[in-house]
Amino acid sequence: MWQAPPAPVSREWLPVLDMPASGPQNRWTVLLRALLLIPQFVVVWVLSVVAFFVTVIGWFGALVLGRLPGFAVDYLTAYVPYETRVTAYLMLTVDRYPPFRFHAPEYPVQVGLRPGELNRLAVLFRIILVIPASIVQGLVEAGWWMVAFISWLVVLVLGRMPQPLYEATTAILRYRTRYAAYLVMLSSAYPKRLFGDEPGSEPDGPVSATRPLVLSGAGRGLLVVFILLGVVSWTTSSITTSVDSDDNDDEATNPTQHVMAPLVPGPADRAAR
């Protein structure tokens, strides 16, 4: 009896984020988290500027070669995990201070990347293709930062991050890492699975607390709240910008007060918001 052939198995590989489960945190390091990270903010900003130029040069190389040149792979596969470790510490998911070096196999936050062949057409239009993921990432992060002070107080009082908040925060962090990897062409897989993985999605069993990343109902609910808050944040910001622009058009005669945003956003400008 004829049987239909089995459905093809997707070989798409998404960047992975391995983190330990939510645990106790030192209240002093939580209290002073932003201050402690000032040196890291400076380092990440400098590294991000270099990453911008490496990505631009790598983009031309990827169009010709069909993959990132070796120098771009070496730098970006070191930069993305470094920036992820700093952001994880900033977002209160871990209590161990990130080291000032690219390779830190002993650090509890690890990023798995597998650079490989790239579709030249997808590389050519990468900046356009990434727009939907950029919107999703921007909304959910804006929502998280709207209530960051409340989250900070909760962790400060409890001495740990509650599990639903930990799940939602690590989901944001993982999506952000996948977005960055796709943007800088370290991955051909479009960022996805913001709301986590299905139970049992790792064939060999769980690897870490975030692989597979299985969210509870409360964790998913928090993500929805963050997205809605992000929409509110963006809407409010757009209205305020529009009103300020109208006022400047009416009153200003010398446009010397324009502020230039950083070329490559990083944790430093988020903390300043």
TODO: Evaluate the criterion side-chain contact (heavy atoms from CB on, under 4.5 Å) for residue pair T77 and F102; output intermediate values, then yes/no.
DONE: CA-CA 9 Å; T77 53; F102 276 144; over 6 Å; no
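- Proximity of a side-chain donor or acceptor of Y190 to a complementary backbone N or O of A133 within less than 3.5 Å is detected.
- Side chain of R85 to main chain of V111: no donor-acceptor pair is present (N/O by atom type, distance under 3.5 Å, no hydrogens or angles).
- Considering CG of L139 and CZ of F226, their distance stands at 13.5 Å, rounded to 0.5 Å.
- I135 and I128 end up in different hydrophobic clusters when Ile, Leu, Val, Met, Phe, Trp and Tyr side chains are linked at under 4.5 Å.
- At least one side-chain heavy atom of D18 sits less than 4.5 Å from a side-chain heavy atom of V207.
- The heavy-atom pair separating G230 from A142 by the smallest distance is CA-CB, 4.1 Å.
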Task: Derivation and outcome, side-chain contact (heavy atoms from CB on, under 4.5 Å), residues E141 and T87 - done: CA-CA 12 Å; E141 279 201 26; T87 305; over 6 Å; no
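- Residues T170 and S22 fail the side-chain proximity criterion, which asks for heavy atoms closer than 4.5 Å.
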Task: side-chain contact (heavy atoms from CB on, under 4.5 Å) between K192 and L14, intermediate numbers included - done: CA-CA 8 Å; K192 56 174 67 72; L14 286 161; 3.7 Å; yes
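- Within the 4.5 Å cutoff, side-chain heavy atoms of L90 are placed close to those of F41.
- Rounding to the nearest 0.5 angstrom, the gap separating the CG atom in D74 from the CG atom in L68 is 10.5 Å.
- Placement of Y182 and F60 within a single hydrophobic cluster is found when ILVMFWY residues are connected by side-chain heavy-atom separations under 4.5 Å, directly or transitively.
- For the pair D95 and R33, the salt-bridge criterion is met [side-chain N within less than 4.0 Å of a carboxylate O].
- In the displayed structure, R27 atom CZ is contacted under 6.0 Å by more than 12 heavy atoms of other residues, nucleotides or ligands.
- Atom CZ of R178 is separated from atom CG of L173 by 11.0 Å, given to the nearest 0.5 angstrom.
- A donor-acceptor distance shorter than 3.5 angstrom exists from the side chain of Q25 to the backbone of L92, with no hydrogens or angles considered.
- To the nearest 0.5 angstrom, L17 atom CG is 4.5 Å from T210 atom OG1.
- Between T84 and V80, the shortest heavy-atom contact is OG1-O, 2.8 Å.
- In this structure, the side chains of V154 and P162 come closer than 4.5 Å at one or more pairs of heavy atoms.
- Side-chain contact between R174 and R211 is absent, with no heavy atoms from C-beta onward closer than 4.5 Å.
- A pairwise comparison of heavy atoms in A88 and T93 identifies O-OG1, 2.8 Å as the closest pair.
- Within a 6.0 Å radius of CD in E117, other residues, nucleotides and ligands contribute more than 12 heavy atoms.
- The distance from atom CG of L223 to atom OG1 of T169, rounded to the nearest 0.5 Å, is 8.5 Å.
- Annotation: side chain of V109 is not in contact with side chain of Y89 (no heavy-atom distance under 4.5 Å).
- The shortest non-hydrogen separation linking P108 to R96 is CD-CD, 3.8 Å.
- Residues L215 and G196 approach most closely at CD1-CA, 3.9 Å, considering heavy atoms.
- Between W59 and L124, the closest side-chain pair of non-hydrogen atoms falls below 4.5 Å.
- Grouping the Ile, Leu, Val, Met, Phe, Trp and Tyr side chains by contacts below 4.5 angstrom, directly or via other members, places V136 with V225.
- Residues F100 and Y82 have side chains in contact (heavy-atom distance under 4.5 Å, counting atoms from C-beta outward).
- Remark: side-chain polar atoms of Q40 are paired, donor with acceptor, to backbone N or O of P98 under 3.5 angstrom.
- Between P99 and E106, the closest heavy-atom pair is CG-OE2, 4.4 Å.
- No continuous path of ILVMFWY side-chain contacts below 4.5 Å connects V157 to F149, so the two sit in separate hydrophobic clusters.
- In this structure a side-chain-to-backbone donor-acceptor pair under 3.5 Å is present from E167 to S216.
- For the atom pair CH2 (W234) and CD1 (I239), the distance works out to 15.0 Å, reported to the nearest 0.5 Å.
- Using a distance-only test at 3.5 Å, with no hydrogens or angles considered, no donor-acceptor pair links the side chain of S237 to the main chain of S233.
- Between Y75 and Y79, the two ring planes are parallel [angle under 30°; tilted spans 30° to 60°].
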Open item on the list: Show, in sequence, the C-alpha distance, side-chain angles and deciding distance for L194 and I227, and conclude whether the side-chain contact (heavy atoms from CB on, under 4.5 Å) test is met.
Closed with: CA-CA 11 Å; L194 172 63; I227 292 173; 4.3 Å; yes
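- When the shell of 6.0 Å around CZ of F71 is examined, it contains more than 12 heavy atoms from other residues, nucleotides or ligands.
- Following chains of ILVMFWY side-chain contacts shorter than 4.5 Å, one cannot reach V184 starting from I131, and the two form parts of different hydrophobic clusters.
- Within 6.0 Å of CD1 on I127 lie no more than 12 heavy atoms contributed by other residues, nucleotides or ligands.
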